[in-house]
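What follows is a set of notes on a single structure, which appears directly below.
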Amino acid sequence: SLNIMVNALCKDGKLHEVDGFLVDMEKKGILPDNVTYNTLINERCRNLELDKGFELLDLMKQKGWKPDLVAYNSILNGFCKTEEISKAEKLFDEMLELGLAPNTSTFNILMGIYCKIGDSDKVTKVLEEILQHGLVPDMVSFSNLINFFAKRGDMNRVLIYFKEMKKVGLAPDIVIYTMVIRGFCNVGAISKAIKMREEMVMRGIPPDTVTYNTILGGFCRRRMLTDARQLFDEMMERGVSPDFCSFTTLIHGYCKGGHVDEALNLFDKMLQLYLKPDIVTYNTLIDGLCREGDLTKASDLWEHMSARGISPNRITYSILINSYCDKGQIEEALGFRDEMVQNGILVNIVICNSLVKGYCRSGNTKKAQEFLENMQKDNVIPDSITYNTIIHQYVKDERISEALDLVKKMELKGVEPD
RNA sequence: UGUCUGGUGCAUUCG
């Protein structure tokens, strides 16, 4: 019951109240046990306070408790969250030396790290290790695997794991199905995505709003706006209400398809339904309007947004900056950048790349190249897009030798030309 | 009583 209380306090984010509570309990003669310590260690690690976690680990040893697998898993998870991979790997080896047999959770934590850094070989290896240790991958393992490979469009792998999980008696849930659908959409296999939706319905898992939004996004990316609209209407009929994401997705589709008018209609409809547009909705529309050259409406929306208490974020600014850069109006773009920085938002690589383009378009490749050199001072490292932008401009201007020089330069800097 | 993952929408070059 002490542990239940401690656990409840941790889940409520009231870690600071735990110490007092433990003191009170100690007066009554109730002492923490290893589960108590594990709970606290885990909470500290989740809050990225690994040093505190280790302190607790020492404390529990002092009190005569032997840290068990759960304690180590918590700390391992802490290293995972802070992406201290070598420390995590070291700790894992230590666990083995201590004779602590890892469980599936241990491997899931490791797999999580490799997913995060995008190391697909290691991800696969962890799965093999699970099997080598005589363990069984669980729902979390499969979630990780399917999510990871679906995002990268490796649908062969996704289907292998999807089948495998069924084989070991795990029923894919709505999230798994949606991840698979998203993967198919990403590789443009819309019909397979739709088949998946049918399968989930057959298995008694009706698609929810997120599932629909995923398919909607797939249609929109492939410019299948009629299908998208049909699906959107179908949602209503089936009682799965479109949410603000559904609207934004469709608005995005219409904007990219050059139907900003229809996008604006949807925006009105959204307001009528009392669905609150968020910053993404506004950004999407502002981008669409800028591309149309309708700066009046774009700035109307900016006002509308501000009036509703939503502040422009880095992407909002990048949209405006990019719009001016496209037109070669570098001074206006720089003005917005300055305003942004004054508002405490830092430049990033996307914005710098836009500005490089702005210099190129205003006929000043020299300035563009200067800017490229200087952006490192802002802790922004030029990437292949930065170089490509200028190279393309040189090619367009038939200044081939300068283009080749820059290719050499990017190779020298360790940026891969494509 | 304690440990692990999760699904949808916005900006930069070329595509």
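Each chain gets a letter, A, B and so on, in the order its sequence line appears, and its residues count up from 1.
For A:Glu402, the salt bridge (Lys or Arg N to Asp or Glu O under 4.0 Å) test picks out A:Arg399, with sequence neighbours left out. Not counting sequence neighbours, the partners of A:Phe92 by the ring-ring contact (aromatic ring centres under 6.0 Å, His included) test are A:Phe107. Annotation: ring-ring contact (aromatic ring centres under 6.0 Å, His included) contacts of A:Phe149 (sequence neighbours excluded): A:Tyr161. Here A:Tyr72 pairs with nothing under the ring-ring contact (aromatic ring centres under 6.0 Å, His included) rule; sequence neighbours left out. Qualifying salt bridge (Lys or Arg N to Asp or Glu O under 4.0 Å) partners for A:Glu164, counting only residues two or more places apart in sequence or in other chains: A:Lys167.
Within residues 185-198 of chain A, no residue has any heavy atom closer than 4.0 Å to RNA chain B. Contacts between residues 220-234 of chain A and RNA chain B, counted as heavy-atom distances below 4.0 Å, involve no residue at all. Remark: nothing in residues 327-341 of chain A comes within less than 4.0 Å of RNA chain B through any heavy atom. Applying a 4.0 Å cut-off to non-hydrogen atoms, the residues of residues 108-130 of chain A that approach RNA chain B are A:Asn108, A:Ile109, listed by residue number.
One can find a donor-acceptor pair under 3.5 Å joining the base of B:rG7 and the side-chain atoms of A:Thr211. The base of B:rG9 is paired with the side chain of A:Thr281 by a donor and an acceptor separated by under 3.5 Å. The base of B:rU3 lies outside donor-acceptor range of the side chain of A:Asn42, with no N or O pair under 3.5 Å. For A:Asn144 against B:rU5, a side-chain-to-base donor-acceptor contact under 3.5 Å is absent. One donor-acceptor pair, N or O on each side, does fall under 3.5 Å between the base of B:rG6 and the side chain of A:Asp173. Taking only distance into account, the side chain of A:Ser143 meets the base of B:rU5 through a donor-acceptor pair shorter than 3.5 Å.
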Give the table of side-chain donor-acceptor pairs shorter than 3.5 Å for residues 217-232 of chain A, with sequence neighbours excluded, one pair per line with atom names and distance.
residue: A:Arg221; atom: NH1; partner: A:Asn186; partner atom: OD1; Å: 3.1
residue: A:Arg223; atom: NE; partner: A:Cys220; partner atom: O; Å: 3.3
residue: A:Arg229; atom: NH1; partner: A:Tyr254; partner atom: OH; Å: 3.1

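Among the protein residues, A:Ile174 comes within range of the nucleic acid bases, having at least one heavy atom under 4.0 Å from a base atom. Within the nucleic acid shown, A:Asp278 comes within 4.0 Å of at least one base atom, counting heavy atoms only. A:Tyr37 comes within 4.0 angstrom of nothing in the nucleic acid, heavy atoms only. Here A:Leu40 lies out of heavy-atom contact (under 4.0 Å) with every strand. Across all strands, A:Thr248 comes closer than 4.0 Å to base atoms (heavy-atom distances). Within 4.0 Å of A:Thr178, counting heavy atoms only, lies at least one base atom of the nucleic acid. A:Asp418 comes within contact range of no nucleotide atom at all, as no heavy-atom separation falls under 4.0 Å. A:Asn313 comes within 4.0 angstrom of nothing in the nucleic acid, heavy atoms only. Heavy atoms of A:Asn348 sit under 4.0 angstrom from at least one base atom.
A close approach under 4.0 Å does occur between a side-chain nitrogen or oxygen of A:Arg182 and OP1 or OP2 of B:rU8.
For the pair A:Leu100 CG and B:rU3 P, the computed distance is 17 Å after rounding to whole Å. Taking atom CG of residue A:Leu289 and atom P of nucleotide B:rC10, one finds them 17 Å apart after rounding to whole Å. If you measure from atom CD1 of A:Ile391 to atom P of B:rG15, you get 15 Å, rounded to the nearest angstrom.
Salt-bridge annotation for A:Arg203 and A:Glu198: absent, with no side-chain N of the basic residue lying under 4.0 Å from a carboxylate O of the acidic one. A salt bridge is defined here as a Lys NZ or Arg NE, NH1 or NH2 lying under 4.0 Å from an Asp or Glu carboxylate O, and A:Lys125 with A:Asp121 fails to meet this definition. Using a cutoff of 4.0 Å between basic side-chain nitrogens and carboxylate oxygens, A:Arg197 and A:Glu234 are scored as salt-bridged.
At a threshold of 4.5 Å between non-hydrogen side-chain atoms, the residues A:Asn343 and A:Glu339 count as touching. In this structure, A:Arg44 and A:Leu15 have side chains that are in contact, with non-hydrogen atoms separated by less than 4.5 Å.
The salt bridge (charged side-chain N to carboxylate O under 4.0 Å, His left out) analysis of residues 316-334 of chain A, with sequence neighbours excluded, yields the pairs A:Asp326-A:Lys357, A:Asp326-A:Arg361.
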RNA chain B in dot-bracket form (Watson-Crick or G-U pairs under 3.5 Å, [ ] crossing, | inter-strand) is ...............

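Taken from CG in A:Asn3 to OG1 in A:Thr36, the straight-line distance is 3.5 Å, to the nearest 0.5 Å.
Here the nucleotide nearest the side chain of A:Val210, chosen from B:rG7, B:rU3, B:rC14, is B:rG7. If you check B:rU5, B:rA11, B:rU13 against the side chain of A:Val140, the one that comes closest is B:rU5.
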